[in-house]
Amino acid sequence: MDLKLAGRTVLVTGASKGIGLGVARWFASEGCALRLAARSKELLEREAAAIRASAKVEVRTFAVDLASEAGRRTLTEACPDVDVLVNNAGAVPPGSLDDLDDAAWRAGWELKVFGYIALTRHYLASMKARRKGVIVNIIGAAGERPNVAFVSGSMGNASLMAMTLALGAASPEHGVRVLGINPGPVATDRAVELSRKRAQSLFGDPERYPELTKKNPFGRPATVDEIAASVVFLASDLSSYTSGTILTIDGGGSKRPAA
């Protein structure tokens, strides 16, 4: 399907792997120019080269630490205006209230929470001035179904959900849309590798890792493409009346009764 996104400039954070890389590939397939940010220069350059070769689009990379004010400033100065911002960078560590000290808590939030806030503040202002633009925040289903063993991530996600809903309700007055996606479990390369290690520990066979997710909806986690394709559609004009909305993609898992 032609989503009529060709020629638009898209900034994706956390774009060297996982959902961010999947999102970048899907936007590239629609003819978008890409601005990709992540910490790893080597990974970014390798994936950018592959995208250029397959999609024939402009791809610029920025190896920056978006947990730091300096890194965020470097990125926004290099990319002052974009048509679509996809906030995706960040991983908050698991743990209970007693497990995480202040340093671990703040480090996780500096990237996932304050990183999203800072980039949203910058690009929402420039989009309002141009009266066009879309911001998509990749958040996480724990924000709507908090987990005491992932309390920092649950709270961080809930705060980003509140920001997305509040800003997305007001932004249409300026011709801008702000929305979010809450993925449930996703079979990223990292998640699969961790599952393989766990399967080796539990069963003595890493190839039995699919058994670990047989109780998931549909008996599996989501694929990266199932998340990425939704991001691209929501950012397109075919979804131009969507703002102040958060789409949960977890196979209905967060709506199931607690076990």
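Only this structure's heavy atoms are used, side chains among them; waters, hydrogens and symmetry mates stay out.
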Please walk me through it: do Phe62 and Arg35 pass side chain to side chain contact (heavy atoms under 4.5 Å, CB included)? CA-CA 8 Å; Phe62 303 90; Arg35 308 291 182 259; 4.0 Å; yes

Without swapping roles, check the side chain of Trp109 against the backbone of Gly153 for a donor-acceptor pair under 3.5 Å. no

Begin from the C-alpha positions of Met127 and His174 and carry the test side chain to side chain contact (heavy atoms under 4.5 Å, CB included) through to its verdict. CA-CA 8 Å; Met127 289 175 180; His174 307 280; over 6 Å; no

Check the pair Leu36 / Ile51 against side chain to side chain contact (heavy atoms under 4.5 Å, CB included), numbers first and verdict last. CA-CA 11 Å; Leu36 306 182; Ile51 291 172; 4.3 Å; yes

Verify same cluster id: Leu43, Leu34 (apolar side-chain graph, 4.5 Å): no

If I compare all heavy atoms of Ala187 with all of Val224, which pair ends up nearest, and what's the gap? O-CG2, 4.2 Å

Output for pair (Ser230 OG, Asp225 CG), nearest 0.5 Å, gives 10.5 Å

Indicate the atoms forming the closest heavy-atom contact of Pro183 with Ile138, along with that distance. CG-CG2, 3.8 Å

Might you point out which heavy atoms bring Pro80 and Ser126 nearest each other, and give the distance in Å? O-OG, 3.9 Å

Are Val84 and Phe233 joined in one hydrophobic group, where the rule is that I, L, V, M, F, W and Y side chains link up if heavy atoms are under 4.5 Å apart? yes

Are the side chains of Leu5 and Val232 in contact, using a 4.5 Å heavy-atom criterion? yes

Go through the steps to decide whether Asn88 and Val23 satisfy the test side chain to side chain contact (heavy atoms under 4.5 Å, CB included), and finish with yes or no. CA-CA 10 Å; Asn88 172 72; Val23 167; over 6 Å; no

Just wondering, are more than 12 heavy atoms of other shown residues or ligands nearer than 6.0 Å to CG in Asn147? yes

Determine, for Asp237 against Arg8, whether the closest basic-nitrogen to carboxylate-oxygen distance falls under 4.0 angstrom. yes

Are the side chain of Arg60 and the backbone of Cys79 linked by a donor-acceptor contact shorter than 3.5 Å? no

What's the spacing between Leu66 CG and Phe114 CZ if we round to 0.5 Å? 15.0 Å

Under 3.5 Å, is there a donor-acceptor pair between the side chain of Ser239 and the main chain of Ser236? no

Mind checking whether Lys112 and Leu160 have side chains closer than 4.5 Å, heavy atoms only? yes

Considering non-hydrogen atoms only, spot the tightest contact between Leu100 and Pro94 and give its length. CD2-O, 3.4 Å

Salt-bridged, Arg130 to Asp83, with N to O below 4.0 Å? yes

Taking Glu30 first and then Lys4, would you say they form a salt bridge - that is, a charged N and a carboxylate O separated by under 4.0 Å? no

Please check if the side chain of Thr223 supplies one atom and the backbone of Glu226 the other of a donor-acceptor pair under 3.5 Å. yes

What are the two closest heavy atoms between Asn87 and Thr120, and how far apart are they? ND2-OG1, 3.1 Å

Point-to-point distance, once rounded to the nearest 0.5 Å, from CG of Leu119 to CG of Leu124: 12.0 Å

Straight-line distance of Arg121 CZ to Ile135 CD1, nearest 0.5 Å: 11.5 Å

Measuring only between side-chain heavy atoms, which start at C-beta, is Leu179 closer than 4.5 Å to Ile246? no

Between Glu207 and Arg196, does any NZ, NE, NH1 or NH2 come within less than 4.0 Å of an OD or OE carboxylate oxygen? yes

Side chains of Asn182 and Asp250: does their closest heavy-atom pair fall under 4.5 Å? no

Would you check if there is a donor-acceptor pair between the side chains of Glu45 and Thr61 at a distance under 3.5 Å? yes

Does this structure show an ion pair linking Arg39 with Asp65, if we count only N-O contacts that are shorter than 4.0 Å? yes

Is Glu211 salt-bridged to Arg208, cutoff N-O under 4.0 Å? yes

Any side-chain heavy atom of Thr76 sitting closer than 4.5 Å to one from Tyr123? yes

Same apolar cluster: Leu247 and Tyr116, side chain cutoff 4.5 Å: yes

Compare all side-chain heavy atoms of Arg177 with those of Thr242 and state whether any distance is below 4.5 angstrom. yes

If only atom types and distance count, is the side chain of Ser243 paired as donor or acceptor with the main-chain N or O of Gly168 below 3.5 Å? yes

Indicate, with yes or no, if Ile117 and Val134 share a hydrophobic cluster defined by side-chain heavy-atom contacts under 4.5 Å among Ile, Leu, Val, Met, Phe, Trp and Tyr. yes

Do side-chain atoms of Arg46 reach the backbone of Ser16 as a donor and acceptor pair under 3.5 angstrom? no

Would you name the heavy atoms of Val176 and Ser171 that are closest together and state the gap between them? O-OG, 2.8 Å

Out of curiosity, Trp105 CH2 to Asp99 CG, how far, rounded to the nearest 0.5 Å? 10.0 Å

Return yes when atom CZ of Arg190 has more than 12 non-hydrogen atoms of other residues, nucleotides or ligands closer than 6.0 Å, and no otherwise. no

Sub-3.5 Å donor-acceptor pair from the side chain of Asn216 to the main-chain atoms of Gly219, do we have one? no

Any non-hydrogen side-chain atom of Arg198 less than 4.5 Å from a side-chain atom of Phe203? no

Among the clusters formed by ILVMFWY side chains lying less than 4.5 Å apart, do Tyr209 and Val186 turn up in the same one? no

Any non-hydrogen side-chain atom of Ile181 less than 4.5 Å from a side-chain atom of Val231? yes

Does this structure show an ion pair linking Arg72 with Glu110, if we count only N-O contacts that are shorter than 4.0 Å? yes

Could you walk me through whether Arg52 and Glu58 pass the salt bridge (charged side-chain N to carboxylate O under 4.0 Å, His left out) check? CA-CA 7 Å; Arg52 292 186 194 103; Glu58 178 194 18; over 6 Å; no

